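Remember, it's a predicted structure, so these values are computed and weren't measured experimentally. All values below come from the heavy atoms of this structure, side chains included, with hydrogens, waters and symmetry mates left out.
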Amino acid sequence: MLFGKPATIPTKAEALPGRDEAMPLAEPHFLWGRDLRSPVPEGMEEAMFGMGCFWGVERIFWNTDGVWLTMVGYAGGPTPNPTYREVCTGMTGHNEVVRVIYDPAKVSYDDLLRIFWENHDPTQGMRQGNDRGTQYRSGIYTYTDAQQEAAEASRDAYAERLSAAGYGTITTEIMDAPPFYYAEDYHQQYLEKNPGGYCGIGGTGVTCPIGLNA
């Protein structure tokens, strides 16, 4: 147990039942005015990451040139269409994630991977800093075979640098993208709506070699 929360992802039989209805979203993207349910435009691609509290993670990616849309939600657990309150119990198995739609002509998937690795500590298991629970685990959720291969290669390259810096084993889960369930409106672009809000994001200070000539 982690401060009263499960330390492992519950099975479907153990998890909360959830619901058939998707989370209603009344608001567009707070910065860009785009519909959060927009399909991926032709020529663009999507990516999904878990790096701890999704408020700060989303801000990192909306500030990245070439990113067209960001949204926060829940993924990786058996409960369909969970609420934030349910996710926080640890009994849905979901991770807090950010889904990104980006223009690969302006920012590559390797660039996104480097941002992912350098802005959190991927060796902490079911936590990120003081945020503890399965919803804060490190995760890369891939949409193509090429993304899967790139994610695994980046993990192996970064593991060497982390080890040299005295860090432990990377615990990041890398898997095919599971269903993405939108978080409630008030979580979307939270730190733009609440500039003084909580942001628990912090990296290790170790540079990731992916996408660099080093």
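- Linking Ile, Leu, Val, Met, Phe, Trp and Tyr residues whenever their side-chain heavy atoms come within less than 4.5 Å places V72 and W62 in a single cluster.
- The salt bridge (Lys or Arg N to Asp or Glu O under 4.0 Å) analysis of residues 70-93, with sequence neighbours excluded, yields the pairs R19-E86.
- Side-chain heavy atoms closer than 4.5 Å link hydrophobic residues (I, L, V, M, F, W, Y) into clusters, and following such links, even through other members, never connects F180 to I9.
- Contact check for P122 versus W117: side-chain heavy atoms found under the 4.5 Å cut-off.
- Note that the CG atom of N194 and the NE2 atom of H187 stand 11.0 Å from one another [nearest 0.5 Å].
- Remark: the backbone N or O of L69 is not paired with any side-chain donor or acceptor of H29 at under 3.5 angstrom.
- To the nearest 0.5 Å, the span separating OH on Y167 from CZ on R161 amounts to 14.5 Å.
- The main-chain N or O of A151 is found under 3.5 Å from a side-chain atom of S154 such that the two form a donor-acceptor pair.
- A donor-acceptor contact closer than 3.5 angstrom is absent between the side chains of Q147 and T142.
- A distance-only check finds a donor-acceptor pair linking the side chain of R34 to the backbone of W68 [under 3.5 Å].
- Residue F54 forms a side chain to side chain contact (heavy atoms under 4.5 Å, CB included) with just one option from E96, Q188, M71, and that option is E96.
- Put simply, CG on L113 and CD1 on I174 are 8.5 Å apart, with the number rounded to the nearest 0.5 Å.
- E45 has its side chain out of reach of V40: every pair of non-hydrogen atoms, C-beta onward, lies at least 4.5 Å apart.
- Linking Ile, Leu, Val, Met, Phe, Trp and Tyr residues whenever their side-chain heavy atoms come within less than 4.5 Å leaves Y84 and M126 in two separate clusters.
- Considering only heavy atoms from C-beta on, D65 stays 4.5 Å or farther from V107 through its side chain.
- Looking at every heavy atom in both residues, A47 comes nearest to Y102 through CB-CE2, 4.0 Å.
- A donor atom on one side chain and an acceptor atom on the other are found under 3.5 Å apart for Y158 and T204.
- For the pair P24 and D185, the tightest heavy-atom approach, listed with the atom from each and the gap, is O-OD2, 4.1 Å.
- Across every non-hydrogen atom of A165 and V206, the tightest pair is CB-CG2, 3.7 Å.
- Here the side chain of E184 pairs no donor or acceptor atom with the backbone of M23 at under 3.5 angstrom.
- At least one donor-acceptor pair closer than 3.5 Å links the side chain of E58 to the backbone N or O of Q189.
- With hydrogens and angles disregarded, no donor-acceptor distance shorter than 3.5 Å links the side chain of T134 to the backbone of A7.
- Between the Y181 side chain and the H94 main chain, no donor and acceptor come within less than 3.5 Å of each other.
- Hydrophobic clustering (side-chain heavy atoms under 4.5 Å, transitive across Ile, Leu, Val, Met, Phe, Trp, Tyr) keeps I210 apart from L112.
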Exercise for the section: Begin from the C-alpha positions of L25 and R37 and carry the test side chain to side chain contact (heavy atoms under 4.5 Å, CB included) through to its verdict. Expected result: CA-CA 9 Å; L25 290 177; R37 298 189 187 275; 3.7 Å; yes

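- Taking a 6.0 Å sphere around CG of N130, one finds it holds 12 or fewer heavy atoms contributed by other residues, nucleotides or ligands.
- Y190 and Y182 fall within a single hydrophobic cluster, where Ile, Leu, Val, Met, Phe, Trp and Tyr side chains are chained together by heavy-atom contacts under 4.5 Å.
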Practice task
Test side chain to side chain contact (heavy atoms under 4.5 Å, CB included) on Q135 and C88 and set out the steps.
Solution key: CA-CA 7 Å; Q135 77 201 75; C88 286; 3.6 Å; yes

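- Side-chain N/O atoms of N95 and Y141 include a donor and acceptor closer than 3.5 Å.
- In this structure, CE in M48 is found 8.0 Å from CZ in R99, a value given to the nearest 0.5 Å.
- Rounding to the nearest 0.5 Å places OG1 of T8 at 7.0 Å from CD of E14.
- The two residues P78 and A15 come nearest to each other via the heavy atoms CG-CB, 3.5 Å.
- Here the straight-line distance linking atom CG of N119 with atom CD1 of I60 works out to 4.0 Å at 0.5 Å rounding.
- Under the ring-ring contact (aromatic ring centres under 6.0 Å, His included) test applied with F116, the options Y109, F49, F61 reduce to a single match, F49.
- Although no hydrogens or angles enter the test, the distance criterion places a donor-acceptor pair under 3.5 Å between the side chain of T171 and the main chain of G125.
- Taking both residues in full, the closest heavy atoms of P17 and P80 are given as O-CD, 3.3 Å, listed atom of the first, atom of the second, then distance.
- Considering all non-hydrogen atoms of both residues, Q128 and H120 come closest at OE1-CB, 3.3 Å.
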